[in-house]
Protein chains: 2
Amino acid sequence: MGINERKERERDAVKDLILNAAREIFLAEGYENTSIRKIASKIEYSPGIIYNHFKDKNDLLLALHDKAFECKIEALFMSVQNMPDPLERLQATGRGYIQYGIDNPQDYELMFILSCTMEALAVKEEFWQDGAAAINMLKENIRECMEAGYFRKDINPDEISLILWSQVHGLVSLHNKERLNIYAAEDQKAFMFRAYEVFLDMIKKSLA
Amino acid sequence: MGINERKERERDAVKDLILNAAREIFLAEGYENTSIRKIASKIEYSPGIIYNHFKDKNDLLLALHDKAFECKIEALFMSVQNMPDPLERLQATGRGYIQYGIDNPQDYELMFILSCTMEALAVKEEFWQDGAAAINMLKENIRECMEAGYFRKDINPDEISLILWSQVHGLVSLHNKERLNIYAAEDQKAFMFRAYEVFLDMIKKSLA
DNA sequence: AAATATATTGAACACTGTTCAATTTACAAA
DNA sequence: TTTGTAAATTGAACAGTGTTCAATATATTT
């Protein structure tokens, strides 16, 4: 009896339809301008259908967050996984992070800036799963740098990973929220990447 | 004839009434839950009155931003201005920044995260004025650290200031958006401040 | 073919930002 | 003091929002 399976597939197909339409509108017009009616109209369903698949708009947002995380952050780590030198890999990961963040500001906002209310603990754990995996890869990379002799052995990978993450997140979000306009830099992106390289030098020097 | 002056005072009084009510609701319920009708009802005026003082809700947001900036960021720099040692002052400024950011998340969001559309160039310049002043104080502090021999003389205050700012902004916004939940730290705030102190050590060591 | 279960609808509710003609209020001139 | 004028203020109306839910259509089982 593959009927129930087929039914479930059909349900999931509609759910995916909603998610994809939501994501498209979200990327094009931002979260606040992504309305239930717009999504429904895009997939040629009535507004009510969305509430058969998601508790509310926030729940839909959570699903989008998870999808974006799965797709992009893991891809980032994969793209540098073949670099043998751990320090170079660490540096490249940061560069990739920044590049992705400024190239996909809406996606980035979805993953790291937007506040989603999440009452259920199950939802909470699912929400953090992919993020935790990414942080673990980062910490593992830091440990490899310690093994390889780039970093001292008495540093704390937890603290260093937060410093690294805060730095790139800070750069990306200041850039994306146009707060770098305060600097009279001719090319803001270039200025930002230059600062990141200086930061990398500082890391290398001070953790040796 | 002080009549026009009095009229203007009365106009400004209403404007202040709006701004204060807006700020109160904003801090209590967040930007999205701050409606024109709520503000108007709080000050016992009709909704329309707000449009006699502000072009639209975004314009009101801009005014709130400017006010928050004036009040808080300058106060931060004032509070450490009597510290004679430039490096200590630099470090304390960062600590104060983080503390303010996590103690006043709504205010912080208003100043550094919220996107306000701003077409008029005049608006733009006014918007960045206070921020630019703060960055200049930061850069001046860095230069003093160079003079005092704490930092090498071949560093670029622009780049270093962005690194410092990105770091503390990154910490605050990851914390406030609850993204630090990924870390299994017993006390997230303490963990964050510890990371900041490690970062300060790195700065000191690598720029010497 | 009838009964059942599920998917889907679309109207309705209570909200939102914004506009604008109508009104009230406050002051100046006659 | 009355009239004229300019400004402040109103509140209804418009078009939009998220959300709910009884009604309906569709598909499967008996």
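Below, read A as the first sequence line, B as the second, and so on, with proteins coming before strands; counting in each chain starts at 1.
For D56(B) and dT16(C), the CG to C1' distance is 14 Å, given to the nearest whole Å. Distance R9(A) CZ to dA7(C) C1': 17 Å, rounded to the nearest Å. Look at OH on Y51(A): it is 4 Å from C1' on dG18(D), rounded to the nearest Å. Rounded to whole Å, atom C1' of dT16(C) lies 16 Å from atom CG of N58(B). For the pair K15(B) NZ and dT9(D) P, the interatomic distance rounds to 14 Å; values are reported in whole Å. Going from atom CD1 of I50(B) over to atom C1' of dC20(C) covers 16 Å, rounded to whole Å. If you measure from atom CD1 of I49(A) to atom C1' of dA25(D), you get 12 Å, rounded to the nearest angstrom. Distance, K57(B) NZ to dT19(C) P: 14 Å, rounded to whole Å.
Residues that satisfy the side chain to side chain contact (heavy atoms under 4.5 Å, CB included) test with P86(A), not counting sequence neighbours, are R89(A), N141(A), E144(A), C145(A), A148(A), Y150(A).
K42(B) and N20(B) share no side-chain donor-acceptor pair at under 3.5 Å.
For K72(B) and Y108(B), the positive end is not near the middle of the six-membered ring at less than 6.0 Å and at most 45° from its axis. Cation-pi geometry between K57(B) and Y31(B) is met: under 6.0 angstrom from the ring centre, within 45 degrees of the axis.
In terms of heavy-atom proximity, C116(B) sits nearest to N58(B) at CA-OD1, 3.4 Å. When all heavy atoms are compared, the tightest approach of R23(B) to L64(B) is CB-CD2, 3.7 Å.
Remark on DNA chain D: of its neighbouring residues N52(A) and N52(B), the 5'-side contact belongs to N52(B), judged by nearest-heavy-atom nucleotide.
End-to-end axis angle of the helix from dA1(C)-dT30(D) to dA26(C)-dT5(D), using five pairs per end and rounding to 10°, comes to 20°.
Non-hydrogen atoms lying under 4.0 Å from DNA chain D are contributed by R37(B), Y45(B), all within residues 24-45 of chain B.
Only one option out of F77(B), F112(B), W128(B) pairs with F69(B) in a ring-ring contact (aromatic ring centres under 6.0 Å, His included); it is F112(B).
Between Y97(B) and Y196(B), the gap from one ring centroid to the other reaches at least 6.0 Å.
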